[in-house]
J.: 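The structure's right below; bear with me while I get my questions together.
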Amino acid sequence: MSSLQLVQATPFSATSPKTHYTPLQLQSLESCSNMSELKQHHSHIIKLGLSTNNDAMGRVIKFCAVSKHGDLGYALKAFDTIPQPDAFIYNTVMRGYLHCRFPRDCIHLYTQMLENSVFPNNFTFPCVLGACCHGDAVEQGRQVHAHVLKFGYSSHVVCLNNLIHMYVNFEFLEEARRVFDRMLTRDVVSWTTLISGYAQWGCVDEALRVLESMPERNSVVWNALIAAYVQNNRFHEAFDLFNRMRAENVVLDKFVASSMLSACTGLGALEQGRWIHSYIEKNGIELDTKLATTVIDMYCKCGFLEKALEVFHGLPCRGVSSWNCMIGGLAMHGQGEAAIELFMEMERKAVAPDNITFVNVLNACAHSGLVEEGRYYFQYMTEVHGIDPRREHYGCMIDLLGRAGMLEEARKLMDEMPMSPDASVLGALLGACRIHGNIELGEQIGKKLIDLDPNNSGRYVLLANIYANAGKFEDVANLRNLMNNRGVKKCPGFSVIELKGVVHEFIAGEETHPQAKEIYTKANEMLECIRSAGYVPCTEEVLQDLEEEEKENPLYYHSEKLAMAFGLLKTNPGEILRITKNLRVCRDCHQASKLISKVYDREIIVRDRNRFHHFKNGECSCKDYW
DNA sequence: GTAGGGTTAG
């Protein structure tokens with residue numbers, strides 16, 4: 001590569017004119033816009049006899065090693081010509097290694113620096129500690145810690161912050177805490193690093209304790225914790241924290257906005273999500289690609305597809321993730337054709353799809369029963385875009401074929417996959433066995449799946465439902481015993497409905513809601529009404545609520561039925577009911593929802609674990625295909 | 001003469 005070629009050096013001798021690079025020349029060197037300009041400067045420096053001058057060469061190295069249009073290879077060659085590089089030059093090349101993701105080389109250069117008796121300084125340590133993180137160099141990291149102390153930086157805040165960060169990275173939380181505790185002065189970064197460290201390793205409560213003891217909190221540190229709650233699906237706590245942050249008059253920045261949008265997405269809290277979106281618009285917070293994707297995702301997953309499309313089409317420029325998100329949104333709402341249409345538009349706009357694009361396209365096909373289209377795109381992604389199918393893509397295809405009743409073909413594809421099928425792939429096939437009542441294959445896959453994912457209650461429930469459908473109650477009982485022996489608890493089903501910006505949560509059969517009596521009365525009335533419209537309880541999946549069996553009529557009080565009853569009580573005729581459920585909708589609730597939409601003349605939008613159901617006029621947008 | 005650390009999608 002010619003760009004790696006060093007300019008020809010004029011031999012430097014003692015008689016060469018001793019001169020300086022003028023301030024103007026230095027300025028021009030620093031504002032180089034490309035490597036060829038830089039090389040001219042370098043050549044000039046050599047001619048002036050300044051090739052051993054660390055001041056001049058440091059700037060050359062800086063441009064090559066760390067600037068946007070630099071060239072690390074050239075920096076390294078130039079570095080080799082410098083007889084006695086100073087700390088600045090070592091630091092700069094080390095940063096170059098780190099930027100280019102060569103952490104091991106960075107650490108190696110650090111040892112050379114020491115061997116050549118060049119003292120590391122406060123700029124050296126952040127860089128080499130970062131290299132230890134990225135290079136998984138635990139032992140070297142500890143040694144660098146010793147060097148920080150030995151070279152006199154034991155009270156340098158930035159160096160110590162980097163030590164905390166490194167220990168957090170290695171999940172050495174006690175060491176991180178020890179460094180933090182010994183600091184004489186801490187800045188907000190010290191606190192944030194420790195708090196986000198606890199949070200990211202799942203010690204959210206410890207993170208909160210540290211936050212409580214912090215003297216002054218900015219939006220970054222609030223967000224470190226809010227984001228952690230969101231990641232752990234503790235959305236209500238994220239909201240509590242957000243409200244506390246607002247009470248302290250800390251401004252809502254784009255990071256917090258993004259986390260809170262995700263919290264709204266998690267809960268299906270559309271009104272809250274809209275409030276944050278309008279805050280973003282009113283306060284001129286820039287809708288960068290990530291934030292735009294988060295907004296679109298929120299509208300999709302809170303059931304407001306039209307608004308998601310409006311935001312999407314209003315974006316000045318759309319990155320691949322925005323397209324992916326919108327295609328995925330249409331897919332989960334069962335609008336397979338529209339998703340494919342959007343994908344074709346993406347191609348017309350010459351946006352290169354990635355593997356996620358195809359996961360979403362295939363999912364769109366699967367959720368809408370577009371078998372031929374799915375087969376086509378499965379081939380197309382490799383043949384036209386050179387994207388090899390991953391596990392997820394096979395999973396989509398197996399889901400697609402399985403739902404469509406082509407169980408043999410689905411199984412064949414699973415056997416042919418070049419990688420071993422994981423729990424989600426097996427889960428797709430098992431789900432198909434449940435839909436199509438294939439007991440033999442279902443039992444075989446179900447047992448495998450339970451072995452692979454023994455703590456996931458959903459797997460047991462799915463197989464139990466297959467047995468129950470087939471009347472094999474002895475097998476159901478055995479599975480239940482297995483679950484009990486292993487201490488696997490069924491994940492309790494809950495549904496939320498947001499009314500006037502307040503999120504109300506319902507758990508199946510629970511009677512702790514302050515208006516429980518009223519709600520249960522309404523639920524009974526609701527069920528009576530639809531019974532006269534032809535509702536027959538579908539009891540075969542009673543196992544959806546394994547723990548509720550003692551209750552007289554567990555099915556009647558599934559959480560989404562309670563949420564619907566509450567919604568009917570608290571809203572005006574004609575208002576849309578939007579409900580979010582953490583598990584899959586069971587057949588009985590699906591049937592009941594269709595009838596409720598008809599009898600009460602209401603549009604009901606239910607988000608379940610996998611997709612959306614728009615109930616209207618006695619029908620569902622999923623065409624009973626879910 | 002000059003460079004460093006913490007928070008966000010799918």
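Letters A, B, ... are given to chains in the order of the sequence lines, protein chains preceding strands, and every chain is numbered from 1.
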J.: At 4.0 Å (heavy atoms only), tell me whether A:Asn355 reaches a base, stays on the sugar-phosphate, or touches nothing.
T.: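 Here A:Asn355 touches no strand at all.
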J.: What are the residues of residues 270-299 of chain A, sorted by number, that bring a heavy atom to within less than 4.0 Å of DNA chain B?
T.: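 Close to the strand are A:Lys290, A:Thr293, A:Thr294, A:Asp297.
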J.: Nearest-Å distance, CZ (A:Arg318) to P (B:dA9)?
T.: 23 Å
J.: Which residues in residues 187-211 of chain A have a heavy atom closer than 4.0 Å to any atom of DNA chain B?
T.: A:Asp187, A:Val188, A:Val189, A:Thr192, A:Thr193
J.: Who pairs with A:Glu139 by salt bridge (Lys or Arg N to Asp or Glu O under 4.0 Å), at least two apart in sequence or on another chain?
T.: A:Arg142
J.: Run the salt-bridge test on A:Arg59 and A:Asp55 with the 4.0 Å N-O cut-off and return the result as yes or no.
T.: yes
J.: Which listed nucleotide (B:dG4, B:dG6, B:dA9) is nearest to the side chain of A:Ser321?
T.: B:dA9
J.: Considering only residues two or more places apart or on different chains, which pairs with a residue in residues 188-221 of chain A satisfy ring-ring contact (aromatic ring centres under 6.0 Å, His included)?
T.: A:Phe180-A:Trp191
J.: OP1, OP2 of B:dT2 versus side-chain N and O of A:Arg59: anything below 4.0 Å?
T.: no
J.: Give the rounded distance in Å between these two atoms: CG of A:Leu29 and C1' of B:dT2.
T.: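 Rounding to the nearest Å, CG of A:Leu29 and C1' of B:dT2 are 13 Å apart.
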J.: Have a look at A:Asn324 and say if it touches a base, only the backbone sugar-phosphate, or nothing, with a 4.0 Å heavy-atom cut-off.
T.: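 The residue A:Asn324 makes no contact with any strand.
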J.: Return the nearest nucleotide to the side chain of A:Asp354; candidates are B:dT2, B:dG10, B:dT7.
T.: B:dG10
J.: Rounding to an integer number of Å, can you tell me how far A:Phe79 CZ sits from B:dA3 P?
T.: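 Those two atoms, CZ and P, are 18 Å apart.
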J.: With a non-hydrogen cut-off below 4.0 angstrom, is A:Asn218 in contact with a base, only sugar-phosphate, or nothing?
T.: base
J.: Tell me whether the side-chain N or O atoms of A:His156 pair up with the base of B:dG4 as donor and acceptor below 3.5 Å, since no angle test is needed here.
T.: yes
J.: For A:Val256, answer base if it contacts any base atom (sugar-phosphate contacts may also be present), sugar-phosphate if it contacts only those atoms, and nothing otherwise; contact means non-hydrogen atoms under 4.0 Å.
T.: nothing
J.: Could you pull out all residues at least two apart from A:Arg95 that satisfy salt bridge (Lys or Arg N to Asp or Glu O under 4.0 Å)?
T.: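 A:Arg95: no salt bridge (Lys or Arg N to Asp or Glu O under 4.0 Å) contacts found.
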J.: For A:Asp608, which residues count as a side chain to side chain contact (heavy atoms under 4.5 Å, CB included) partner, sequence neighbours excluded?
T.: A:Arg584, A:Val585, A:Asn610, A:Arg611, A:His613, A:Trp626
J.: Enumerate the side chain to side chain donor-acceptor pair (under 3.5 Å) contacts for residues 324-334 of chain A, please, sequence neighbours excluded, ordered by first and then second residue.
T.: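 Output for this query lists A:Asn324-A:Asp354, A:Asn324-A:Thr357, A:His333-A:His614.
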J.: Over how many whole Å does the gap from A:Asn169 atom CG to B:dG6 atom P extend?
T.: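 Taking atom P of B:dG6 as the reference, CG of A:Asn169 is at 11 Å.
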J.: Rounded to the nearest 0.5 Å, what separation is found between the CZ atom of A:Phe343 and the CZ atom of A:Arg348?
T.: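 A:Phe343 atom CZ to A:Arg348 atom CZ measures 11.0 Å (nearest 0.5 Å).
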J.: Per the side chain to side chain donor-acceptor pair (under 3.5 Å) rule, what does the pair list look like for residues 218-229 of chain A, sequence neighbours excluded?
T.: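 Qualifying pairs, neighbours excluded: A:Ser219-A:Asp253, A:Asn223-A:Ser259.
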J.: In whole angstrom, give the distance that lies between atom CE of A:Met166 and atom C1' of B:dG4.
T.: 16 Å
J.: Rounding to a whole Å, what distance do you find between A:Ile226:CD1 and B:dT8:P?
T.: 12 Å
J.: Quickly work out the A:Leu225 CG to B:dT7 P distance and round it to whole Å.
T.: 13 Å
J.: Among B:dA3, B:dT7, B:dG4, which nucleotide sits nearest the side chain of A:Asn223?
T.: B:dT7
J.: Could you please spell out the steps behind the salt bridge (charged side-chain N to carboxylate O under 4.0 Å, His left out) verdict for A:Asp71 and A:Lys77?
T.: CA-CA 10 Å; A:Asp71 176 346; A:Lys77 291 207 171 190; over 6 Å; no
J.: Are the ring of A:Phe123 and the base ring of B:dG4 both nearer than 5.5 Å at their centres and tilted by less than 30°?
T.: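 The base of B:dG4 is not stacked with A:Phe123 (the test needs centres under 5.5 Å and planes under 30°).
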J.: For A:Leu160 and B:dG4, what is the distance between atoms CG and P respectively, to the nearest whole Å?
T.: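 In whole Å, B:dG4 P and A:Leu160 CG are 18 Å from each other.
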J.: When you get a sec, tell me which of B:dG6, B:dA3, B:dA9 is the closest nucleotide to the side chain of A:Asn121?
T.: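 Selected nucleotide: B:dA3.
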J.: Given B:dT8, B:dG4, B:dG1, identify the nucleotide with an atom nearest to the side chain of A:Ser258.
T.: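 Closest nucleotide to the A:Ser258 side chain: B:dT8.
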J.: Would you list the pairs meeting salt bridge (Lys or Arg N to Asp or Glu O under 4.0 Å) in which at least one residue belongs to residues 330-339 of chain A, sequence neighbours left out?
T.: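 Counting only pairs at least two positions apart or across chains, no salt bridge (Lys or Arg N to Asp or Glu O under 4.0 Å) contact touches residues 330-339 of chain A.
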